[in-house]
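To start, the structure itself, in structure tokens.
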Amino acid sequence: MSSEIKVQIAGWLLDPDHPKRFLDSSLAVLESELKKQGLEKIYSEIELPLAKILEEIHQVGIKVDLDFLKKLSIKAAKELEQMTKRIYELAGTPFNLNSPKQLSEVLYEKLKIDFKGVPKTKTGLRTTDAEALETIKARHPVVALILDYRELFKIYSTYIEPLRNLAGPDGRVRTTFLQTNTATGRLSSQNPNLQNIPAPKGRGSPRSESGRPTIDYGEAIRKAFIAEKGFSLGAFDYSQIELRVLASVSDDERMIDAFKKGLDIHALTASNVYNVDISKVTPEMRRFAKTLNFGVVYGMGSDSFARSSGLSREEAQTFIAEYFNDFNGVRQWQEKTIQAARDFGYVENLNGRRRILENINFSNRRLAAEAERMAINMPIQSLAADIIKMAMIKIARIFKDQGLWLKKVRMLLSIHDELLFEISDDILKETIPLIEKEMESAYRLKVPLKVDLAYGKNWAEL
DNA sequence: TGCTTCACG
DNA sequence: ACGTACGTGAAGCAA
């Protein structure tokens with residue numbers, strides 16, 4: 001392990017917001033400082049061994065189907081051109097579709113589309129983001145086309161073309177996983193970012209109308225990620241890891257009980273906040289409950305929940321109150337955590353990983369409230385990140401011991417709660433349950449960890 | 001370089 | 001009156 005990497009990791013652990021501050025220090029100084037701050041274990045047992053694995057992931061890369069991408073590129077370019085032409089017709093003028101400024105002029109001034117309820121951006125322009133376009137969609141036929149254009153252009157310019165350009169002569173793309181670039185201890189991925197590859201849309205609407213995308217391009221992108229000949233891709237994702245961590249960390253009796261019993265957590269939440277039997281929960285009730293569960297992990301207020309759920313502010317408030325009434329352990333833990341953040345100026349997860357919150361005691365309510373949300377989210381998100389890191393290390397060790405690592409089993413990607421592997425077909429069947437088991441036992445929570453898995457010859461099948 | 005927008009967990 | 005839900009990276013535009 002190069003000393004520079006050690007220094008970088010050590011410096012970041014000591015001060016995530018100012019990693020460079022420590023770069024001039026000697027490793028010996030940093031290591032004693034790590035010990036003093038109780039970060040020694042995270043450093044030596046997680047980040048350092050992980051650095052080696054991330055380097056190997058980079059070296060291995062992931063195979064993409066360049067012939068397929070080329071065809072996709074041509075098809076997408078053709079569709080973009082047609083959509084552009086049609087939009088110019090409907091707008092009555094050509095303009096730069098990729099310029100939010102020009103688009104807002106065309107939409108709100110030239111076409112005089114009613115912008116009631118459409119907010120402005122911080123620079124004073126009327127926003128043209130997807131949410132705004134959705135609300136004015138019925139007011140002019142060009143709007144729906146612009147939404148489609150945006151979606152396809154995004155895929156084309158961010159995924160199709162860069163992947164083709166970044167693939168090596170062996171048809172493999174090599175992302176760089178950064179270990180010291182997030183405030184919570186998550187990994188990030190860049191050049192290319194392989195942690196935000198589009199997901200298939202699911203049961204999409206029929207795409208028969210003219211001027212609309214003819215296929216699900218998100219699904220197509222995932223199809224382009226393939227296994228080498230004689231190998232399969234295996235995807236293993238932790239089921240609801242953040243909510244399980246929340247249940248465990250907050251010691252909330254009801255939530256722990258639910259996970260122990262293997263209940264559908266969103267349905268359970270719905271049954272609680274609506275005060276109905278879990279068997280009487282409708283799909284709609286479950287949807288609201290799911291939004292609520294996410295919101296709680298993010299530390300949302302009633303306004304945000306109202307917005308994302310479509311409820312009125314009063315209704316949203318009632319739901320949240322009901323939620324914290326039902327999951328009292330969660331409420332108490334959040335209050336305790338915010339108070340600790342105020343007292344110490346930082347929060348930490350169960351492993352002692354820290355996030356410094358400079359603004360937590362500011363008198364500016366907005367900034368303080370922001371810091372409070374970070375305070376209750378960080379211990380959850382960061383422990384989930386630690387768990388998957390520990391799983392990666394365990395798994396790599398096992399296959400190295402067996403002499404299979406990189407030859408028959410390759411770790412390709414780590415996507416927050418999911419690991420993607422390339423596994424030789426001759427050992428696929430016995431390897432899958434092994435990985436699953438290692439992930440589920442990577443860390444002992446008060447609730448079980450559950451892993452969902454799938455395998456196939458390309459990423460879209462999984 | 002900052003802003004806007006949008007892809008993911 | 002203010003759209004503050006957490007964490008990222010990348011593209012194109014405009015200055």
Side-chain angles (χ1 to χ4, degrees), chain A residues 16 95-104 117-133 135 146-147 149-163 166 175-178 181-201 217-218 221-222 237-243 246 291-309 313 316 320 347 355 359 364-382 384-385 388 413-420 459:
Chain A
F95 62 100
N96 188 344
L97 272 170
N98 301 319
S99 162
K101 186 157 173 266
Q102 293 185 38
L103 179 59
S104 87
V118 175
K120 294 180 178 179
T121 64
K122 73 165 75 169
T123 48
L125 286 166
R126 203 135 250 132
T127 184
T128 65
D129 66 22
E131 194 186 339
L133 295 186
T135 72
I146 290 169
L147 280 164
Y149 170 88
R150 276 257 180 87
E151 194 177 330
L152 183 50
F153 184 78
K154 178 86 177 184
I155 302 256
Y156 180 79
S157 64
T158 307
Y159 303 102
I160 300 181
E161 292 310 291
L163 284 174
L166 290 170
T175 186
T176 301
F177 278 106
L178 303 176
N181 272 39
T182 68
T184 56
R186 271 191 177 183
L187 298 174
S188 77
S189 154
Q190 66 175 203
N191 190 27
N193 181 356
L194 296 185
Q195 288 182 323
N196 70 346
I197 299 300
K201 288 214 157 322
Y217 279 91
I221 293 289
R222 291 224 173 194
D237 64 288
Y238 281 113
S239 168
Q240 274 133 9
I241 187 169
E242 291 197 349
L243 282 174
L246 174 64
T291 306
L292 198 48
N293 278 329
F294 270 98
V296 167
V297 171
Y298 296 157
M300 64 162 184
S302 56
D303 280 17
S304 330
F305 179 55
R307 255 175 49 71
S308 57
S309 63
R313 196 186 286 105
I320 293 175
V347 286
R355 179 171 188 177
N359 299 353
N364 181 326
R365 314 248 304 137
R366 194 177 69 84
L367 293 181
E370 251 171 32
E372 287 169 14
R373 295 195 296 273
M374 295 174 191
I376 60 180
N377 176 260
M378 183 275 178
I380 307 303
Q381 185 181 123
S382 77
I388 198 165
L413 295 176
S414 171
I415 314 177
H416 310 309
D417 63 356
E418 171 183 2
L419 293 176
L420 189 70
W459 199 2

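Below, chain A is the first sequence line, B the second, and so on; all start at residue 1. What you see below is based on every heavy atom in this structure, not just the backbone, and it leaves out hydrogens, waters and symmetry mates.
- Distance CD (A/E242) to C1' (C/dA5): 13 Å, rounded to an integer number of Å.
- By the 30° and 60° cut-offs, the orientation of the rings of A/F294 relative to A/Y298 is tilted.
- Here C/dT4 presents its P atom at 16 Å from CG of A/N359, a figure rounded to the nearest Å.
- Residue A/P119 is classed as a base contact, given a heavy-atom separation below 4.0 Å to a base.
- Rounded to an integer number of Å, the gap from CE of A/M378 to P of C/dT8 is 11 Å.
- Considering all non-hydrogen atoms of both residues, A/L103 and A/R150 come closest at CD2-NH2, 3.3 Å.
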Quiz item: Reading nucleotides 10-15 of chain C from the 5' end, what letters show protein touch, with B for base, S for backbone sugar-phosphate only, - for no heavy atom under 4.0 Å?
Solution: BSSSSS
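- Atom CG of A/D303 is separated from atom P of C/dC2 by 12 Å (rounded to the nearest Å).
- Regarding A/R307, its CZ atom lies at a distance of 14 Å from the P atom of C/dC2, rounded to whole Å.
- The two residues A/L367 and A/N359 make their nearest non-hydrogen contact at O-CB, 4.0 Å.
- At a threshold of 4.0 angstrom between heavy atoms, the contacts of A/A199 are confined to the sugar-phosphate backbone, with no base atom among them.
- Read 5' to 3', the first and last nucleotides of DNA chain B with an atom closer than 4.0 Å to a heavy atom of chain A are B/dC3 to B/dG9.
- A/S308 has no side-chain polar atom (N or O) that falls below the 4.0 Å cut-off from OP1 or OP2 of C/dA5.
- Among C/dG3, C/dG7, C/dG9, the nucleotide with an atom closest to any side-chain atom of A/E131 is C/dG3.
- For the C1' atom pair drawn from C/dG3 and B/dC8, the interatomic distance equals 23 Å after rounding to whole Å.
- Mapping A/L178 and A/T127 onto DNA chain C by nearest heavy atom places A/T127 at the nucleotide closer to the 5' end.
- Within the nucleic acid shown, A/S382 has no heavy atom closer than 4.0 Å to any nucleic acid atom.
- As judged by a 4.0 angstrom heavy-atom cut-off over every strand, A/D417 is placed among residues touching the sugar-phosphate backbone only.
- Between the CD atom of A/E418 and the P atom of C/dG7 there is a distance of 22 Å, given to the nearest Å.
- Across all strands shown, A/A385 has no heavy atoms under 4.0 Å from either base or sugar-phosphate atoms.
- Every stem involving DNA chain C, taken as at least 3 paired positions in a row under the Watson-Crick or G-U wobble test at 3.5 Å, is listed here: B:1-9 with C:6-14.
- The two residues A/F177 and A/Q195 have their closest heavy-atom pair at CE2-NE2, 3.7 Å.
- In this structure, CZ of A/R313 is placed 13 Å from C1' of C/dT4, rounded to the nearest angstrom.
- Within 3.5 Å, no donor on the side chain of A/R186 pairs with an acceptor on the base of C/dT8, nor the reverse.
- No contact: A/G299 has no heavy atom under 4.0 Å from any strand.
- Rounded to a whole Å, the NZ atom of A/K122 is 18 Å from the C1' atom of C/dA1.
- Between A/K120 and A/Y159, the residue whose closest nucleotide on DNA chain C is further toward the 5' end is A/K120.
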